[in-house]
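The structure appears below as structure tokens.
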Amino acid sequence: MAEPYNHLEVEEKWRRNWEENPINVNDGKKPKYYCLDMFPYPSGAGLHVGHWRGYVISDVWSRYQLMHGRYVIHPMGWDAFGLPAENYAIKTGQHPSISTANNVSNIKRQVKQIGAIYDWDMELNTTDPKFYKWTQWIFVQMFKHGLAYEKKMPLNWCPSCKAVLANEEVVDGKCERCGAEVTKKDLRQWMLKITAYADRLLDGLNDLEWPEKVKKMQTEWIGRSYGAEVQFPVENSDKKITVYTTRPDTLYGATFMVLSPEHDMVKELTTAEQKDAVEKYCAEAANKSNVDRVQNKDKTGVWTGSYAIDPLSKERVQIWISDYVLADYGTGAIMCVPAHDERDWEFARKFDLPIIPVISPDGSDMKDMTEPYVAAVGTMINSGDWSGRKSEELKKEAPEIIEKMGFGKKTVNYKLRDWVFSRQRYWGEPIPIIHCPKCGAVPVPEDQLPVMLPRVESYQPTDTGESPLAAIDSWVNTTCPCCGGPAKRETNTMPQWAGSSWYFLRYIDVNNDKELVSREKADKYLPVDMYIGGVEHAVLHLLYSRFYTKFLHDIGVIDFDEPFHKLFNQGMILGPKGIKMSKSLGNVVSPDDMIRDYGCDSLRMYELFIGPPQQDAAWDDRGIDGVNRFLRKFWNMCNDQYEGNYPETADTLRIRHGLINDISQRLGNFSLNTVVSGFMEYTNKMVAAGNMDRETLRTAAQLISPFAPHIGEELWQRMGGKDSVFHTEWPEADKEALKEESKEIAVQVNGKLKAKITIPVDLGKDEVIAMAKKELGDKLTGNIIKEIYVPGKIVNIVAK
RNA sequence: GCAGGAAUGGCGGAAUCGGCAGACGCGACAGACUCAAAAUCUGUUAUCGGCAACGAUGUGAGGGUUCAAGUCCCUUUUCCUGCACCA
């Protein structure tokens, strides 16, 4: 009997050994495989077992790639700019760089316990000036290419974070980070023109091996729609109102128009009699919070007193104002076809506006409508010379017809808005721009990057939308790089997402101070083959990264324009009762205790065993006992049976190749929970059968090593393995060895299981049926109608 | 409201192509070891009936296709996720 498994000893031994002799080295010949984790924010709370899951999955996958002869790029870094560090600084007065450094060292210690093959020579930190120099450099390039611009507009403002938010950061009218209700604030801000890439961001999704869910979310977020812009002349004026519609086929049914309260023609269209009412309405709309405006769907509105002329029907239509029309989508004005749009219908009913049906699905005159008919299917009616045509055809042709008639054009619209890129906070990358009274906004010259984040006295954010940096005169006041005159620095900083939008490009060339990344290295090691992380970044980080990558491709930094070929979203680990782990609920499970009591390998395997990797799972302390028991059983089996030095037989070969086959297949399908149960199944089999030959035991150790690397390596070397198990080639199953001579199959009568028979696998149908009948004996009654034999699987006899 | 996903024992879950439902683990129960307990090991464990052999039922609900359905089709309920006045 071998000594019992001592996880502390074995894990310590190999942790040290691998540190001295790294197992993943680049010899310049092996093909690369880039397996990336979403890098963590180094919070003060440290990692809990939920954070572990993604890292374990990526490490299993990396080691598996390693055993396929690849050089695996598997780096780790820190996304360290952000509010918690700054809030901590406000509370304690300690500089964020200090608390961040402390958190990084604690989390790094925890990450190292995972036993992953991270290459720490590639480690990076977004708050390191050597890194954010390039974050700023990208901004400068965007500015030079007209993709970064300043704009004053009403923006999402989080009163609790005291900063503006991007559209992507507003969830249900609330701040994505803190949950505070978002208000509007009129501010001058830096924007990134992500909309210029809308089509490419959308079309690029097709070639990606990403979860369909994420692709769909991005598709909807970008929200491309095809339609037409149509100009409505204002009555008694030479002015025109341009509207956007996806349903130009219903133009004859337009009975009124609505402008958003922010539309810039509101003032000139308002008549003297309606002035007071309109002004009152617009003021109210401006004061409404996002939540009110979005969630209260009761229609409100006011008439301007003016009319426009439908360019096609020449009918007079009233021009109204309502906040259900969004200022920043389309043209901020719509034509309303109440008969064929739910919102317009509601509005028309409320304000008693005319409703003219123009599509009839069944040939009727649609006079008795009780609800709008929204489908573009049916025959046009009440539509001049369009009457009688098919709506579905006209919907496609109308934009061109309108274009030819000279009052509109074919248009594409997107829900995607430009990215509000500046934040009024301290702990972020300074935006490298200098405001000169003569030259305007001037980028900081590239040789002066990075613009270092200065030390401040007070980190406290302000309510005015000014960054704490604005208070440091010595830093703010500078000279214009253009004219040399006095100028002021931009005091806003970049959002949390700036560094994470491109960090994956930097790992492979972290020390390069001449370029963001060398083109030679980029061509060789990029892009990312497999990206693993939570689904919460589906439209934030993942969309921004794709945008950055496309831009960097366009300016020649890299030659690919999609950063992540494959994406895998692991599910969350929830607290014991299925509630999200959080410090305030006190249900956080720390990996540290688990490692001490059970070892890293047990925790790794339990994180996999807990459930399908893409699905959320509730933590159960008892579950890890089972995995730990299994590992000890596996250890004892290998040690004991290896001692016996038993000969190889057809039976042991069948087990060996069955194991290879099942594990490889399940791992290939990313069914990692069943990989673990597969090991348990086969271990049970091997213990029951006894007398496993040495090669089979070695193979088992080899196969388990990506999952439980320490015990795998220890057993491998104990059982005669010379080099590290991770330098061995992943074995292939011999299908011949898997073949069995006889097999037990089920015998059904009328689809119900009645017996089981063991047959030689190559026995013919007639013989098998005969055997089945014999086995059934007098259980088989009635006349046989049909006999079915699915080779190697089942016999079903239909009798009446 | 729209779009996706899910529903299987006491629990987590398994079941390639439509072919033996419940693998594997947890828990529970019984036994061995022990003065005793823990740990460990062995066995049992979907439900109902039966001492048993065995029989019947069974994958949210209802219907259908099929020799055969957790799996395919139709209807429906509940839950989760995302989007939500985008014209």
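Hydrogens, waters and symmetry mates play no part in the numbers below; they use all other heavy atoms, side chains included. Per chain, numbering begins at 1; letters A, B, ... match sequence-line order.
- Remark: C1' of B:C2 and CD of A:E342 are 10 Å apart, rounded to the nearest angstrom.
- Of the candidate nucleotides B:C83, B:A14, B:A87, B:A14 has the atom lying nearest to any side-chain atom of A:P612.
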Base contacts versus sugar-phosphate-only contacts with protein, heavy atoms under 4.0 Å: please encode nucleotides 16-31 of chain B as B, S and - from 5' to 3'.
B--BB--BBSSS----

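- B:A14 and B:A21: their C1' atoms are spaced 10 Å apart (whole Å).
- Partners of A:A700 by side-chain contact (heavy atoms from CB on, under 4.5 Å), not counting sequence neighbours, listed by chain and number: A:F634, A:L659, A:M686.
- The CG atom of A:D640 sits 13 Å away from the P atom of B:C41 (whole-angstrom rounding).
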In dot-bracket notation, what is the pairing pattern of RNA chain B, taking Watson-Crick (N1-N3 plus N6-O4 or O6-N4) and G-U wobble (N1-O2 and O6-N3) contacts under 3.5 Å, with [ ] crossing and | for other strands?
(((((((..(((......[....)))((((((.......))))))((((....))))..(((((..]....))))))))))))....

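- Every residue meeting the ring-ring contact (aromatic ring centres under 6.0 Å, His included) condition with A:Y197, not counting sequence neighbours, appears here in chain and number order: A:F547.
- A salt bridge links A:D620 to A:R622: at least one charged side-chain nitrogen sits closer than 4.0 Å to a carboxylate oxygen.
- With both ends at atom C1', the span from B:A7 to B:U71 equals 14 Å, rounded to whole Å.
- As rounded to whole Å, 22 Å separates atom P of B:A87 from atom CD1 of A:I321.
- A gap of 14 Å separates the P atoms of B:G62 and B:U57, to the nearest Å.
- Ring geometry for A:Y5 versus A:W635: interplanar angle of 30 to 60°, hence tilted.
- Considering every non-hydrogen atom in both A:V325 and A:V258, the closest pair reads CG2-CG1, 3.4 Å.
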Between protein and nucleic acid, restricted to nucleotides 78-82 of chain B and to nitrogen or oxygen atoms under 3.5 Å apart, what atom pairs and distances do you find?
| unit_1 | atom_1 | unit_2 | atom_2 | d |
| --- | --- | --- | --- | --- |
| B:U81 | O2' | A:K213 | NZ | 3.2 |

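- As rounded to whole Å, 14 Å separates atom P of B:U40 from atom CG of A:L631.
- In B:G9 the base sits syn relative to the sugar, since the glycosidic angle is no further than 90° from 0.
- Here the separation of B:A69 from B:A61, taken at their P atoms, is 15 Å to the nearest Å.
- Aromatic ring orientation, A:F679 versus A:F630: tilted (interplanar angle from 30° to 60°).
- A:R666 is linked by a side-chain hydrogen bond (donor to acceptor under 3.5 Å, both in side chains) to nothing, counting only residues two or more places apart in sequence or in another chain.
- For the pair A:L574 CG and B:C11 C1', the computed distance is 15 Å after rounding to whole Å.
- The C1' atoms of B:C17 and B:G70 are separated by 15 Å, rounded to the nearest whole Å.
- Stacking of A:K240 on the aromatic ring of A:F232 is not recorded, the 6.0 Å distance cut-off and the 45° axial limit not both being met.
- When the salt bridge (Lys or Arg N to Asp or Glu O under 4.0 Å) test is applied to A:R53, no partner is found at least two apart in sequence or on another chain.
- Per the geometry, OH belonging to A:Y226 stands 17 Å off C1' belonging to B:A87, to the nearest Å.
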Show me, pair by pair, the donor-acceptor contacts under 3.5 angstrom made by side chains of residues 743-766 of chain A, not counting sequence neighbours?
| unit_1 | atom_1 | unit_2 | atom_2 | d |
| --- | --- | --- | --- | --- |
| A:N750 | OD1 | A:A799 | N | 2.9 |
| A:N750 | ND2 | A:A799 | O | 3.1 |
| A:K765 | NZ | A:E787 | O | 3.3 |

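- Residues that satisfy the ring-ring contact (aromatic ring centres under 6.0 Å, His included) test with A:H541, not counting sequence neighbours, are A:Y531, A:H537.
- A gap of 32 Å separates the P atoms of B:A68 and B:G13, to the nearest Å.
- Of the residues near RNA chain B, A:Y414 and A:N750, the one whose nearest nucleotide (by heavy atom distance) lies more toward the 5' end is A:N750.
- Of the candidates B:U57, B:U40, B:A87, B:U57 carries the atom nearest the A:K752 side chain, counting heavy atoms from C-beta on.
- Comparing the C1' positions of B:G63 and B:U77 gives a spacing of 15 Å, expressed to the nearest Å.
- Legend: residues meeting side-chain hydrogen bond (donor to acceptor under 3.5 Å, both in side chains) with A:K580, ordered by chain and number and at least two apart, are absent.
- Backbone-only contact: A:S225 has heavy atoms under 4.0 Å from sugar-phosphate atoms and none from a base.
- Taking the P atom of each, B:U47 and B:C11 are spaced 11 Å apart, rounded to whole Å.
- Residue-to-nucleotide proximity on RNA chain B shows that, of A:G611 and A:K415, the 5′-proximal contact is made by A:G611.
- Applying the salt bridge (Lys or Arg N to Asp or Glu O under 4.0 Å) test to A:E176 and every residue at least two apart in sequence or in another chain returns nothing.
- The phosphate of B:A87 (OP1 or OP2) has a side-chain N or O of A:Y329 nearer than 4.0 angstrom.
- A straight line from CG of A:N636 to P of B:U40 spans 12 Å, rounded to a whole angstrom.
- In this structure, A:Q615 does not reach the B:G5 phosphate: none of its side-chain N or O atoms is under 4.0 Å from OP1 or OP2.
- Atom-to-atom, NZ of A:K754 to P of B:A68 comes out at 15 Å; the value is rounded to the nearest Å.
- Here A:I785 lies out of heavy-atom contact (under 4.0 Å) with every strand.
- Checked against side-chain hydrogen bond (donor to acceptor under 3.5 Å, both in side chains), A:W619 has the following partners two or more places apart in sequence or in another chain: A:D621.
- With a glycosidic angle no further than 90° from 0, B:C17 counts as syn.
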